[in-house]
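Okay, structure first, notes after.
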Amino acid sequence: MNAKLQEALATLKHGTVDIIPEADLVKKLEKSAKIGKPLCVKLGLDPTAPDIHIGFGVVLHKLREFQDLGHTAVLIVGGFTARIGDPSDRSSTRRMLTKDEVEANLRDYKRQAFKILDPNRTEFRDNSEWLEHLDFAKLLELTSRYTVAGMLEREDFSKRFKEGSPISIIEFMYPLAQAYDSVAVQADIELGGTDQRFNLLIGRAIQERYGQEPQVCVITPLLEGIDGVKKMSKSIGNYVGIDEPPNQMFGKLMSIPDVLIEKYVKLVTNLDWNTLNNEHPKIQKEKMACAVIARYHSQAAAEAALEEFERVFSRKERPTGVQKAYLEKALLKNNETVRIVDLISATGLVKSKSEAKRLIEQGAVEVDEVRIDSFEADVPFKEGVLVKVGKKMFAEVYLR
RNA sequence: GCAGGGAUACUCAAGCGGCCAAAGAGGGGGGUCUGUAAAACCCCUGCCCGUGCGGCUACGCAGGUUCGAAUCCUGCUCCCUGCACCA
């Protein structure tokens, strides 16, 4: 192994949980270098989540490292699987997207993905391209190449099977479809989080049974969401999107539990944990948050977000860039006061007047930095009056 | 096909004629405190009304019984579990 290859391997290995098998990765890298053909590095996208979050960013950055070594990223868009829907979330009847919507989503997705990936070495492939033409005979052929026992190796399946809880056949089809994607694009390497390990391994097995050289599975760690418990995911809502405004990112990142700081620093920033290790947790978080914002926006944006956060939450001062809301003139009494409930409800910060009343009773409402203690109160109105609801919602109210 | 079980608020899940806007948990929100949108503790969590032992809407759908139904009856839809069937 030459020095260059060794260095490449070290880079690629860094920050992964597992590479299955590592020896094959070396072989593939060597071969690629020798014949001058880039490796095909596959990554499946979740078509239901058009917002890329920083957890998924971890995998994308790994993919970028492959690109920087001259390899090709192949992103699989689950156009077909998306249309079939996932039976595991039973009640939610997902609306079928039109072709235009799918395209618009994909455009937005690309815009986000290219914050990390190199467009010149990226291909997007829609799996309807091949899955749509997989007729029943071919499907049977595919299913004959994997066993039920193999499927039951997945812990979730075997557990449910033992318990006698239902597993629909379609659930076996998903990993197979995903594996077939690998066959279709002749993937050399597939990336995925630890939750995808099983699926990636099936891809490997299936490729082999189709006479292809099996892909190497590169497993990256999963990032817990800002709730600190569950994995970061769009559907749980505990995520930080890479496209979110800096201030929002900052707030969310500051709210992660302290125990997660180290993991965040290591996974989503390029800061060196050793230099932060002995700092105060609050400082660690600030630096982490700034690094993330710098990565996805800019250094200046990071500094501005920090400054704003200090202003609003540490010094409790008036925030900048507060959203504007409008109040119907008819609600003014004697041209100078408003019922507090009407004012709050005009901001659109609350879902209902009942909620507004509840919040007022709980002392969550301030008007021009004065706390309101009764929902029957009238407050003086002036243009641009600042309304604060809870710790983090603000609005400036003007007359309409 | 036969036999059982089930469908309750954002989610899970109690309730099985009135005391039910419906226990409990999770989630979400608020307050206090602080180091922060952390932790901890307390509180709230259907909607409407200038708020009262107030009104309205809600316990799968449609009817019925009853002074009164989430709770009982009838029909329907959907789901699950056994058993049977199995090219």
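Please read these numbers as outputs of a predicted model, since none were measured by experiment.
Among the protein residues, A:Phe375 comes within range of the nucleic acid bases, having at least one heavy atom under 4.0 Å from a base atom. Using a 4.0 Å heavy-atom distance criterion, A:Lys285 is classed as a base contact.
Counting only Watson-Crick and G-U wobble pairs whose two key distances fall under 3.5 Å, RNA chain B forms stems of three or more stacked pairs at B:1-7 with B:77-83, B:10-12 with B:24-26, B:27-32 with B:40-45, B:46-48 with B:54-56, B:60-64 with B:72-76.
The CD1 atom of A:Ile261 lies 11.0 Å from the CD atom of A:Glu279; values are rounded to the nearest 0.5 Å.
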Which atom pairs link the protein and nucleotides 42-46 of chain B when you take only N or O atoms and keep those under 3.5 Å?
from: B:C44; atom 1: O4'; to: A:Gln362; atom 2: OE1; distance (Å): 3.1

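Contacts classified as ring pair (Phe, Tyr, Trp, His ring centres under 6.0 Å) and involving residues 298-342 of chain A (residues at least two apart or in different chains) are given here: A:Phe250-A:Phe309, A:Phe309-A:Phe313.
A cation-pi geometry, defined here as NZ or CZ lying under 6.0 Å from the six-membered ring centre and within 45° of its normal, holds between A:Arg145 and A:Tyr210.
Across the protein-nucleic acid pair, A:Glu361 atom CD and B:G30 atom C1' stand 12 Å apart, rounded to whole Å.
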Dump the intermediate steps for side chain to side chain donor-acceptor pair (under 3.5 Å) on A:Gln215 and A:Ser182, then the final yes or no. CA-CA 8 Å; A:Gln215 64 187 13; A:Ser182 291; 2.8 Å; yes
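When the side-chain nitrogen and oxygen atoms of A:Lys353 are compared with OP1 and OP2 of B:C47, none of them lie within a distance under 4.0 Å.
When each of A:Asp378 and A:Lys392 is assigned the nucleotide of RNA chain B bearing its nearest heavy atom, the one mapping closer to the 5' terminus is A:Lys392. Looking at which nucleotide of RNA chain B each of A:Gly251 and A:Lys230 is closest to, the 5′-most match is held by A:Lys230.
Between the side chain of A:Lys388 and the backbone N or O of A:Val370 there is no donor-acceptor pair closer than 3.5 Å.
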